[in-house]
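Structure record follows, encoded as structure tokens.
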Protein chains: 2
Amino acid sequence: MASYKDKGIKMTPQRMAIMEFLDGNPDHPSAEDIYMEVKEKYPMMSFATVYKTIEVLKSRGYLLELTIDPERRRYDPDTRHHHHLICVDCKKIVDIYGDFPVNVPEEAQESFELVGNHIEFYGICPECKKERRKNNGNIQM
Amino acid sequence: MASYKDKGIKMTPQRMAIMEFLDGNPDHPSAEDIYMEVKEKYPMMSFATVYKTIEVLKSRGYLLELTIDPERRRYDPDTRHHHHLICVDCKKIVDIYGDFPVNVPEEAQESFELVGNHIEFYGICPECKKERRKNNGNIQM
DNA sequence: TCTATCTCAATAATGATTATCCTTAAATAA
DNA sequence: TTATTTAAGGATAATCATTATTGAGATAGA
Ligand SMILES: [Mn+2]
Ligand SMILES: [Mn+2]
Ligand SMILES: [Zn+2]
Ligand SMILES: [Zn+2]
């Protein structure tokens, strides 16, 4: 993640707090998640500052924006190529590392120039599995 | 796609127009795309009706919601399992059929129960490739 | 220290989606 | 066919996430 001496990026307490929260964070937080957490330490923190800092970090390649949750954008400080497994119930996202051979058949690409890929796995996390079992026998929706 | 005699679904000209537009449509249109197009035939069509019809079709399994474009939700009348290739420039989405062996290593799943997957391929479509070449030598952003 | 430039925080604006509410039309059965 | 029931349509307001604006304050470099 961006260091204190990063060229051109002015370091402020707010940015440091946001970066500290993100650094190594495996939870793929949303802008609101970041705001809620960092506000604890810096109650003066504005939501706008969170969005602006996200934008700065994104544009410098320190942060990835995930388009995996239809409700809100999630952010990932791990910019290495990896994939994600999302719980279809609680939307928890966990990292999946590893290489998968996903070469698109030539004719299917329709002469696109390929630049990358991302696999979304869907599943039910342990907690939600437990929750589902508990609700067995009860009225279902 | 839903037939006229689908149990419990009331057939109206608006719904028929929307369903007709979606049926076999390979373009993964957004709600606005649907609205714009169908309004041509039915100028009285309301945006709310588009959203409500989308909801009905989704809930009955006739339509998938794609979370692949961060700007807006896209819809796919092809509910068979398949993947997508998206142009990073113009956001055009094309279908990718085929099976890819993407078995997650046991320990990586963290005891999730897997239920599916979806691969997003990123690329540059032929039109945008042309566009990029044309802009070569010009001022770049 | 002075000054130009960045950044902050508050807040307004935007854009997509959802909710409300009253009217209208489709389905169904007499 | 007509009447009755009930879901659907249309207009529009509300909501929610995100982006833009703006004036005040902070920062860094001369
Ligand atoms: Mn990740
Ligand atoms: Mn598709
Ligand atoms: Zn879960
Ligand atoms: Zn393109």
Side-chain angles (χ1 to χ4, degrees), chain A residues 2-21 28-60 62-76 91 93, chain B residues 2-22 28-60 62-76 91:
Chain A
S3 83
Y4 294 51
K5 345 185 186 302
D6 194 310
K7 281 207 173 32
I9 187 172
K10 207 175 265 185
M11 268 309 149
T12 67
Q14 292 89 339
R15 284 183 177 175
M16 277 172 60
I18 291 172
M19 282 164 54
E20 199 175 303
F21 171 66
H28 309 86
S30 66
E32 190 182 13
D33 294 335
I34 298 170
Y35 175 60
M36 290 305 194
E37 181 67 27
V38 176
K39 201 175 46 170
E40 295 297 314
K41 270 192 178 173
Y42 295 87
M44 296 315 294
M45 171 74 63
S46 158
F47 219 137
T49 298
V50 172
Y51 274 109
K52 276 193 222 150
T53 302
I54 285 171
E55 185 50 41
V56 168
L57 295 175
K58 257 199 326 183
S59 72
R60 287 167 188 267
Y62 297 127
L63 195 61
L64 294 179
E65 186 175 282
L66 302 184
T67 309
I68 200 174
D69 179 345
E71 303 305 319
R72 59 190 57 75
R73 301 183 192 178
R74 307 275 211 112
Y75 298 94
D76 194 337
K91 313 302 177 195
I93 299 173
Chain B
S3 83
Y4 294 53
K5 345 184 186 305
D6 195 312
K7 281 210 172 35
I9 187 172
K10 206 176 266 188
M11 266 309 148
T12 67
Q14 292 90 336
R15 284 184 175 174
M16 278 171 59
I18 291 172
M19 283 163 54
E20 199 175 304
F21 171 67
L22 287 174
H28 309 86
S30 66
E32 189 180 15
D33 294 335
I34 297 169
Y35 175 61
M36 290 306 195
E37 181 67 28
V38 175
K39 201 176 47 171
E40 295 297 313
K41 271 190 177 172
Y42 294 87
M44 295 315 295
M45 171 73 61
S46 159
F47 219 138
T49 299
V50 172
Y51 274 108
K52 279 189 223 160
T53 303
I54 285 171
E55 185 50 43
V56 168
L57 294 175
K58 258 198 326 183
S59 73
R60 287 168 187 266
Y62 298 126
L63 194 62
L64 294 180
E65 187 175 281
L66 302 184
T67 310
I68 201 175
D69 180 346
E71 304 304 320
R72 59 192 58 75
R73 301 183 191 179
R74 307 275 212 110
Y75 298 94
D76 194 337
K91 314 301 177 193

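Order of the sequence lines fixes the chain letters, A, B, ..., with proteins taken first and strands second; residue numbering starts at 1 for each chain. It should be emphasised that the depicted structure is a prediction, and the values quoted were computed from it without experimental measurement.
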- Query: Less than 3.5 Å between a donor and an acceptor, one on the side chain of B/Lys10 and one on the base of D/dT6, is that the case here?
  - Reply: yes

- Query: Step by step, would you call B/Arg73 with B/Ile54 a side-chain contact (heavy atoms from CB on, under 4.5 Å)?
  - Reply: CA-CA 11 Å; B/Arg73 301 183 191 179; B/Ile54 285 171; over 6 Å; no

- Atom CE of B/Met45 and atom C1' of C/dA25: how far apart are they, to the nearest Å? 14 Å

- Message: For the NZ atom on B/Lys41, are there more than 12 heavy atoms of other groups (residues, nucleotides or ligands in this structure) within a distance under 6.0 Å?
- Response: no

- Carboxylate-amine/guanidinium contact B/Glu32 B/Arg72, below 4.0 Å: no

- Task: Return no unless some side-chain N or O of A/Arg73 is found under 4.0 Å from OP1 or OP2 of D/dC16.
- Result: no

- Item | Separation of D/dT15 P from A/Glu71 CD (nearest whole Å) | 17 Å

- Let me know the distance between CD1 of B/Ile9 and C1' of C/dT28, rounded to the nearest Å. 17 Å

- Looking at A/Tyr51, does any N or O in its side chain come under 4.0 Å of the phosphate oxygens OP1/OP2 on D/dT19? no

- Item | Below 4.0 Å: OP1/OP2 of D/dG10 and any side-chain N or O of B/Thr49 | yes

- Query: C/dC8 P sits how many Å from A/Glu55 CD, rounded?
  - Reply: 14 Å

- Task: Starting at atom CD1 of A/Ile54, determine the distance to atom C1' of D/dA17, rounded to an integer number of angstrom.
- Result: 11 Å

- Message: Please tell me if A/Arg15 has a side-chain N or O lying less than 4.0 Å from either OP1 or OP2 of C/dT7.
- Response: yes

- Message: Base, sugar-phosphate or nothing for B/Pro13? Non-hydrogen atoms, less than 4.0 Å.
- Response: sugar-phosphate

- Query: Is any NZ, NE, NH1 or NH2 atom of the basic residue among A/Lys91 and A/Asp69 found under 4.0 Å from an Asp or Glu carboxylate oxygen of the other?
  - Reply: no

- Query: Among B/Tyr51, B/Phe47, B/Tyr75, which one satisfies ring-ring contact (aromatic ring centres under 6.0 Å, His included) with B/Tyr35?
  - Reply: B/Phe47

- Task: Could you check which of C/dC8, C/dA27, D/dA11 has an atom nearest any side-chain atom of B/Met11?
- Result: C/dA27

- Query: Does C/dA25 have OP1 or OP2 sitting under 4.0 Å from an N or O in the side chain of B/Gln14?
  - Reply: no

- Query: Between atom CZ in A/Phe47 and atom C1' in C/dT14, what is the gap in whole Å?
  - Reply: 16 Å

- Message: Whole angstroms only, please: what is the CD-P distance between B/Glu32 and C/dG15?
- Response: 10 Å

- Query: Of all the nucleotides listed (D/dG10, C/dC8, D/dT18), which has the minimum atom distance to the side chain of B/Lys52?
  - Reply: D/dG10

- In whole angstroms, the gap separating P of D/dG10 from NZ of B/Lys39 amounts to 13 Å

- Message: Looking at A/Thr12, I'd like to know whether one of its side-chain N or O atoms comes within less than 4.0 Å of OP1 or OP2 on C/dC8.
- Response: yes

